[in-house]
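Counting starts at 1 for both ligands and their atoms, in listed order. Note that the structure is predicted; figures quoted are calculated from it, not measured.
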Amino acid sequence: RRKTGVGMSSIEEIYPISRADLDLVRAFPKGFLWGAATASYQIEGAIKEDGRGPSIWDEFSATPGKVFQGHTGEVATDHYHRVPEDIVLMKELGLSAYRFSIAWPRVLPQGRGAINAAGLDFYERLVDELLAHGIAPFVTLYHWDLPLSLHKVGGWTNRDTAYAFADYADIVTKRLGDRVANWITLNEPWCSAYLGYGCGIHAPGIQDRQAAFVAGHHLLLAHGLALPRMRANIKSVAQVGLSLNFTPTYASDEREETKRDTELTDLFVNQWFISPIAHGRYPEGLFEALEVTPPPMQDGDLELIGAPIDFLGVNNYTRDVIRGGTIPARPDESVKVGPVPGACYTEMGWEIHPQSFNELLLRLYHEYGMQALYITENGAAFKDTWNGDGVVHDPRRIAYIQEYLQAAAEAVEQGVPLRGYFTWSLLDNFEWAEGYSKRFGIVYVDYQTQRRIIKDSGHWYKALLSAHRDAS
Ligand SMILES: OC[C@H]1NNC[C@@H](O)[C@@H]1O
């Protein structure tokens with residue numbers, strides 16, 4: 001028995017992993033990065049502090065009816081005031097990397113122009129504290145909190161916003177490029193474009209499919225314009241990529257119309273962004289299938305967008321099974337089948353299906369030629385309860401991560417160049433339109449007191465990471 005900080009722990013608490021877990025971690029190479037991910041608006045709070053300007057999520061979440069029970073990111077997990085303790089928590093978990101996002105409106109309150117020194121200083125302290133604890137920062141520049149002032153002049157439907165983003169990326173990498181070696185331009189531009197401008201369930205809440213494709217193009221352009229600006233400011237060994245979300249689509253039966261519906265949905269859900277990034281062109285048939293006209297482009301846009309990235313961040317949680325026969329008017333109306341007999345689901349209603357994760361990783365490597373992949377988000381929401389003492393039992397989250405890591409391990413054995421895994425999320429946090437009703441953390445947050453309680457999954461993850469270090 002090894003003494004622990006809080007009196008004697010049971011041996012199970014010190015080694016809560018199985019023989020199968022030990023075999024699992026051996027599949028990942030030495031140097032494989034193990035982390036956890038968060039995003040500024042979901043954890044920071046302090047939305048009016050130290051010169052931060054408003055973002056589209058400040059306005060959207062304050063709009064009645066948009067977010068579960070009117071929850072907002074005003075306080076969130078109060079991370080803005082708790083960085084030192086949260087980094088101690090990351091160290092306690094044994095993370096070798098931490099993925100977080102920088103709030104554009106903290107750095108440039110108006111989106112462009114005057115720099116808010118306090119905002120840059122906050123992120124500089126965060127990065128320095130991570131480095132001091134031997135944790136590699138993975139910095140996302142845009143995780144949805146667009147400065148409101150840019151939205152007032154069209155937001156992502158305005159081509160100028162792409163140029164404003166490149167300027168923002170330049171400013172941040174000028175300040176942190178000497179210390180941060182891992183950069184992500186955008187998180188899930190599909191969500192920013194379609195959920196924000198197409199169906200409107202996310203900020204800025206616009207329901208206009210054509211606008212979604214215009215916004216999508218300007219998000220891709222922002223990524224392309226930022227790449228050379230960032231590379232000029234970061235070290236030669238540093239790497240730049242972006243994180244795309246994928247939901248593999250499967251036909252619910254073998255009928256031709258079902259296969260066709262499934263292919264169209266795949267085009268819309270999975271190929272829209274990776275195709276311009278990997279192949280420098282939009283996927284064939286996408287605009288026709290969605291009944292939109294191609295977004296306005298200028299010569300050179302697609303070359304900028306398709307410029308090489310050093311890695312692809314992969315965000316995956318689930319799959320969709322598509323019902324056929326009701327040929328959808330459009331793939332964004334395709335009918336998803338559920339519940340699938342014998343399947344298990346998370347609190348988000350997402351099917352737990354590790355096999356589709358494995359197949360996705362193989363596809364990204366073979367079909368899109370990605371030479372380096374990081375899982376920048378994977379995790380699950382379950383009904384976690386805390387009884388006021390030091391434990392939160394979340395066996396289903398442990399099982400979920402085990403199964404998805406098993407699928408990732410198989411992909412590594414099949415030759416996929418997977419370099420790291422970030423579970424979503426470090427902390428329970430603001431889950432966008434679901435507010436705080438959905439808990440994804442390996443650490444529980446009691447929002448009444450802001451107390452952090454490491455869940456069983458956090459203790460398990462810590463032991464897994466320790467076993468990987470020992471095995472490497
Ligand atoms: O829904 C879980 C996560 N998905 N990707 C983007 C994150 O901001 C979400 O919290």
Trace of the side-chain contact (heavy atoms from CB on, under 4.5 Å) decision for Ile305 with Ile277: CA-CA 6 Å; Ile305 293 167; Ile277 291 291; 4.1 Å; yes

Worked check of salt bridge (Lys or Arg N to Asp or Glu O under 4.0 Å) between Glu92 and Arg452: CA-CA 12 Å; Glu92 165 65 24; Arg452 278 82 161 130; over 6 Å; no

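With atom 9 (C) of ligand 1 as the reference point, the heavy atom nearest to it among His143, Met348, Glu431 is part of Glu431.
At a threshold of 4.0 Å, the pair Lys455-Asp384 counts as salt-bridged, since one of the basic side-chain nitrogens sits closer than that to a carboxylate oxygen.
Of the N or O atoms in Asn187, none lie within a sub-3.5 Å distance of an N or O in ligand 1. Polar contact check, Asn315 against ligand 1: no nitrogen or oxygen pair lies under 3.5 Å apart. Geometrically, ligand 1 and Gln42 share a nitrogen or oxygen pair separated by less than 3.5 Å. By the 3.5 Å distance cut-off applied to N or O atoms, Asn429 is not counted among the residues near ligand 1. Looking at Trp144 next to ligand 1, no N or O pair under 3.5 Å apart turns up.
When each of Asp58, Asp145, Asn116 is paired with Arg52, the side chain to side chain donor-acceptor pair (under 3.5 Å) condition holds for Asp58 and for no other. Among His79, Lys91, His81, the one residue that satisfies the side chain to side chain donor-acceptor pair (under 3.5 Å) test with Asp86 is His79.
Scanning the protein heavy atoms around atom 5 (N) of ligand 1, the nearest turns out to be Glu377 OE1, 2.5 Å.
Taking a cut-off of under 4.0 Å to the non-hydrogen atoms of Tyr317, the atoms of ligand 1 that pass are 2 (C), 3 (C), 4 (N), 5 (N). Near Glu188, the atoms of ligand 1 lying under 4.0 angstrom from a non-hydrogen atom of the residue are 4 (N), 5 (N), 6 (C).
Side-chain contact, Tyr250 with Glu359: a donor N or O sits under 3.5 Å from an acceptor N or O.
For Trp350, every heavy-atom contact with ligand 1 shorter than 4.0 Å involves the side chain, none the backbone.
Between Phe213 and Phe287, the angle of the ring planes goes over 60°, which puts this pair in the perpendicular group of the 30/60° scheme.
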